[in-house]
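Remarks on the structure that follows.
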Amino acid sequence: MAISKAMIASLLISLLVFQLVEADQLVNDESNEAKYPQKIDCGAACKARCKLSSRPHLCNRACGTCCARCNCVPPGTAGNQEMCPCYASLTTHGGRRKCP
């Protein structure tokens with residue numbers, strides 16, 4: 001009888017420890033998602049951004065570079081730079097805006 005009580009107690013303790021470990025992993029996974037936001041699909045975002053450009057290949061290349069660095073592309077085909085401050089702040093060596 002004493003052996004069965006000890007075995008039940010150890011089983012309950014091990015289940016409790018297992019539950020605490022699982023809960024800690026869930027909390028850590030959620031905090032990592034907050035630190036590292038999901039990457040956007042730069043190809044699709046830049047395709048939408050550059051669809052009306054007179055030079056779509058050049059526009060897509062520049063937009064892709066900016067998107068890779070900033071993980072953001074402003075909505076629409078032009079303007080809206082305030083939506084992505086990083087995207088708007090990138091410039092060429094000549095001081096012109098790099099991102100379309």
Side-chain angles (χ1 to χ4, degrees):
M1 188 75 176
I3 294 175
S4 64
K5 285 184 180 180
M7 193 164 19
I8 291 173
S10 66
L11 180 65
L12 288 174
I13 290 173
S14 64
L15 288 174
L16 178 66
V17 170
F18 179 73
Q19 190 71 14
L20 290 173
V21 169
E22 286 291 317
D24 186 50
Q25 287 177 349
L26 286 175
V27 169
N28 287 338
D29 288 346
E30 289 173 2
S31 65
N32 284 341
E33 288 177 10
K35 290 179 188 174
Y36 305 109
Q38 280 188 328
K39 293 280 186 184
I40 65 168
D41 180 6
C42 290
C46 289
K47 185 177 179 181
R49 180 83 175 163
C50 297
K51 69 182 174 187
L52 298 179
S53 174
S54 61
R55 300 178 69 190
H57 295 294
L58 180 65
C59 180
N60 274 316
R61 188 175 69 210
C63 178
T65 301
C66 296
C67 178
R69 288 184 187 169
C70 298
N71 194 36
C72 181
V73 175
T77 56
N80 300 317
Q81 299 284 332
E82 67 278 358
M83 300 297 286
C84 299
C86 170
Y87 189 94
S89 68
L90 296 177
T91 57
T92 63
H93 291 291
R96 298 177 68 193
R97 280 199 324 225
K98 177 180 186 70
C99 307

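In what follows, residues are counted from 1 in the order of the sequence shown.
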For a 4.5 angstrom cut-off between non-hydrogen side-chain atoms, does Arg96 reach Thr91? no
Side chains of residues 52-60: which donor-acceptor pairs under 3.5 Å do they make with residues two or more places apart or in other chains?
from  : atom 1 : to    : atom 2 : distance (Å)
Ser53 : OG     : Arg55 : N      : 3.1
Ser53 : OG     : Arg55 : O      : 3.4
Asn60 : ND2    : Pro56 : O      : 3.1

Would you say that Val73 contacts Cys46 through its side chain, given a criterion of any heavy-atom pair below 4.5 Å between the two side chains? yes
Counting only N and O atoms by type, is there a donor-acceptor contact under 3.5 Å from the side chain of Arg49 to the main-chain atoms of Cys63? no
Is Asn80 reaching over with its side chain to a backbone N or O of Pro74, donor-acceptor style, under 3.5 angstrom? no
Would you give the length of the straight line joining atom OG of Ser89 to atom CD of Gln81, rounded to the nearest 0.5 angstrom? 9.5 Å
Taking side chain to side chain contact (heavy atoms under 4.5 Å, CB included) as the test, write out the residues that go with Arg69, two or more places apart. Thr65, Leu90, Lys98
Gamma sulfurs of Cys72 and Cys84 within less than 2.5 Å: yes
Between Thr92 and Arg97 the two heavy atoms that sit nearest each other are CG2-O, 4.4 Å
